[in-house]
2 protein chains.
Amino acid sequence: MADIPTKPMRQRVEEYINELQDQIVTAFEKLDPNSPPFKRDSWIRAQGGSGRSCVFAAHPGDEAQSIDPHESILEKAGVNISIVHGVLPPAAIKQMRADHTSMPLPDRPEGLPFFAAGISLVVHPRNPHAPTVHANYRYFEITEPEPEDKDDPTSSPKVIAWWFGGGSDLTPSYLYEEDAVHFHSTLKNACDAHGPQLYPAFKKWCDEYFFIPHRSETRGIGGLFLDDLNEGNHQRLRPADEIKRPVTPEEIFAFIQDLGDAFVPSYLPLLTLRHSTPYTPQHRRWQLLRRGRYVEFNLVYDRGTKFGLMTPGARIESILMSLPETARWEYMSDLGSGEGTEEAKLTQVLREPRAWV
Amino acid sequence: MADIPTKPMRQRVEEYINELQDQIVTAFEKLDPNSPPFKRDSWIRAQGGSGRSCVFAAHPGDEAQSIDPHESILEKAGVNISIVHGVLPPAAIKQMRADHTSMPLPDRPEGLPFFAAGISLVVHPRNPHAPTVHANYRYFEITEPEPEDKDDPTSSPKVIAWWFGGGSDLTPSYLYEEDAVHFHSTLKNACDAHGPQLYPAFKKWCDEYFFIPHRSETRGIGGLFLDDLNEGNHQRLRPADEIKRPVTPEEIFAFIQDLGDAFVPSYLPLLTLRHSTPYTPQHRRWQLLRRGRYVEFNLVYDRGTKFGLMTPGARIESILMSLPETARWEYMSDLGSGEGTEEAKLTQVLREPRAWV
């Protein structure tokens with residue numbers, strides 16, 4: 001059976017993120033069997049494509065909710081996949097060229113077909129000692145306007161540019177150094193199998209990306225951020241003939257799969273360890289203040305969110321799914337500024353990102 | 001004593017907003033004498049200027065708080081004044097020229113001195129049946145680089161451009177039509193004394209300004225929004241020789257004072273009427289979802305907030321004071337979509353702004 005042609009990458013990515021979504025949602029549901037399951041919600045995009053949202057929510061004040069929401073481990077979580085295609089207008093191509101070196105020139109007035117498949121997840125646990133986590137892995141293609149052989153149903157349009165991107169990062173309200181070390185180590189191990197320069201480059205990129213300028217602090221304690229990974233040169237990586245790195249589509253897809261597979265082992269042990277830590281109203285209040293900062297980052301700076309909000313016809317519910325169930329803002333809050341407090345221990349590390357491994 | 005020269009406008013505005021701040025804060029404190037008073041907090045801006053924040057907050061989980069926070073009428077409120085001056089760099093002048101026709105060309109590399117004085121307030125009551133309100137009145141000047149006579153302490157630098165701006169708008173979670181009518185009537189009366197074209201023009205501008213494109217709805221049920229009011233032509237007003245409108249600095253300042261003075265009578269009766277309406281957990285949940293939309297507008301679209309976040313050295317606590325104490329986001333919320341519900345009654349009017357008077 002070795003002669004069967006390799007499936008197109010877009011199909012393999014689609015299959016992988018489907019499996020990964022199931023694996024992740026199942027892991028959360030197994031951890032908390034007494035809470036309601038995630039709600040599965042498939043959707044179709046009028047302009048081309050589809051997706052499936054898996055969402056956890058337990059609303060106070062909702063009479064249909066039979067469980068006490070305070071007993072659920074998660075407060076709000078979403079694990080979404082989307083597989084969309086369409087035509088990118090020249091203005092969008094031009095804008096994307098800033099971040100994607102292989103993107104062709106925007107010289108066709110009718111634009112160029114694109115394909116994008118990705119998984120995106122955010123988990124906000126209820127307990128203030130359990131960290132919030134985010135992960136996202138995606139594959140993007142720009143193709144020739146027409147398939148090479150329209151009569152052959154197995155033929156795919158010719159790919160003229162492609163890349164993988166993604167990452168994962170942790171946002172605790174209270175700093176447990178051993179949790180930060182576990183999270184970073186797990187991601188580092190997944191990276192190191194594909195070359196020694198990956199973890200340092202993408203860890204640094206993550207600290208830079210999740211920075212909130214008006215607060216002079218990062219959103220959380222980092223992880224990985226990567227984008228525009230393809231066979232060409234990469235602005236943050238040295239060439240593969242100097243230091244090993246994934247280069248071919250096969251190698252990069254294998255790397256991305258290892259990162260995706262590392263999500264559950266990077267995060268679930270932390271949630272298992274922290275979800276039943278006793279907490280006070282002050283702990284909860286601080287957690288909600290931190291979630292306010294999360295909202296500030298996502299609405300003001302996050303590239304994907306901003307792009308989504310500006311895109312007519314975008315699915316707002318999916319874009320804003322990353323926002324916490326509840327967030328809080330206090331004028332001149334006393335929390336977080338007191339020397340030597342647990343709250344100040346966190347803010348300090350957000351002001352000066354640390355090397356965890 | 002008629003020979004005493006008129007005080008410069010900047011000083012008169014400063015005196016007025018000082019009085020208005022006291023008047024407004026006192027009105028809220030009188031309404032709820034059993035809650036703690038507003039916290040007064042004066043600050044100095046290193047680059048020039050000062051301000052005073054008057055803030056109400058009652059934090060749950062704060063042991064120093066002796067009252068039960070659920071008994072306070074307000075949940076979070078801020079009434080701030082700021083009087084700042086400094087130098088606008090050419091880039092800022094260029095950007096402001098888009099909205100201010102009298103702004104000079106950015107042709108001096110060293111920039112131009114500016115002066116800005118304003119009052120800004122946001123009140124988020126606790127009861128979901130009581131509306132949130134926002135108001136803001138401001139005066140802006142661009143002056144010649146040097147005072148005309150440096151040795152004369154009463155001389156002011158020559159003003160080369162100036163304008164007044166401001167407005168006030170109401171954001172209910174539940175629609176009481178009579179409240180909307182009262183609020184708009186009070187503002188309309190204040191406008192009509194200065195010309196019949198003001199209320200219609202500024203009511204329309206308000207509906208346009210407080211629009212959230214990604215939600216296809218307005219932030220609230222409107223009020224007034226006005227900017228760039230000076231003796232020159234105004235893009236939204238017909239000339240004064242066709243239809244009466246305030247033109248001179250005196251006339252415009254008198255108009256702005258009438259609007260400022262209308263704040264308490266426009267809003268306090270509504271708060272008095274609604275603050276003790278019985279409410280259910282679902283009412284509260286809907287109120288917090290609406291506050292999520294408030295956060296979305298302020299962080300993503302509000303000009304002042306965006307400008308503030310981009311300004312190095314800006315006072316973040318003042319800029320983000322407008323955010324509610326608590327906000328909420330639900331994925332695909334069932335609230336607000338059910339035909340004929342009280343929640344849907346609100347969302348309908350946010351999708352199709354209505355003529356209230």
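What you see is a predicted model, and the numbers here were worked out from it, not measured in a lab. Proteins get letters first, then strands, A, B, ... in listed order; numbering begins at 1 in each.
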Student: Search all heavy atoms of A:Ser318 against all heavy atoms of B:Tyr331 and return the closest pair with its distance.
Tutor: N-CE1, 4.3 Å
Student: Pick whichever of B:Pro213, B:Ser53, B:Gly78, B:Gly292 has the most heavy-atom pairs under 4.5 Å with chain A.
Tutor: B:Ser53
Student: Under a 4.5 Å heavy-atom cut-off, does chain A meet the side chain of B:Arg291, its backbone, both or neither?
Tutor: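 Contact with chain A involves no heavy atom of B:Arg291 at all.
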Student: About how many Å separate OH of B:Tyr301 and CG of A:Leu309, when rounded to the nearest 0.5 Å?
Tutor: 5.0 Å
Student: State, with a plain yes or no, whether a side-chain heavy atom of A:Val295 is found less than 4.5 Å away from one of B:Trp329.
Tutor: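 They are in contact (side-chain heavy atoms under 4.5 Å apart), so the answer is yes.
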Student: Look at atom CD of B:Glu29 and say whether more than 12 heavy atoms of other residues, nucleotides or ligands are closer to it than 6.0 Å.
Tutor: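 Check passes, neighbour count above 12.
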Student: Measure across B:Glu330 and A:Glu317 and return the closest heavy-atom pair with its distance rounded to 0.1 Å.
Tutor: O-OE1, 3.8 Å
Student: Quick check for you: to the nearest 0.5 Å, what is the distance between B:Arg315 atom CZ and A:His214 atom NE2?
Tutor: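 So the CZ of B:Arg315 and the NE2 of A:His214 are separated by 14.5 Å.
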Student: Could you tell me whether A:Glu208 atom CD has more than 12 heavy atoms of other residues or ligands within 6.0 Å of it?
Tutor: yes
Student: Heavy-atom count around B:Gln348 CD within 6.0 Å, excluding the residue itself: above 12?
Tutor: no
Student: Is any side-chain heavy atom of B:Val300 closer than 4.5 Å to a side-chain heavy atom of A:Val300?
Tutor: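 When only atoms from C-beta onward are counted, A:Val300 and B:Val300 do not touch, as no gap falls below 4.5 Å.
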Student: For a 4.5 angstrom cut-off between non-hydrogen side-chain atoms, does B:Leu320 reach A:Glu296?
Tutor: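 In short, these two side chains touch, coming nearer than 4.5 Å.
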Student: I want to check something: taking the side chain as every heavy atom from C-beta on, are B:Val55 and A:Met332 in contact at a cut-off of under 4.5 Å?
Tutor: no
Student: Tell me, side chain or backbone of B:Ile316 under 4.5 Å from chain A's heavy atoms, or both, or neither?
Tutor: side chain
Student: Charged N to carboxylate O below 4.0 Å: is that the case for A:Arg328 and B:Glu75?
Tutor: no
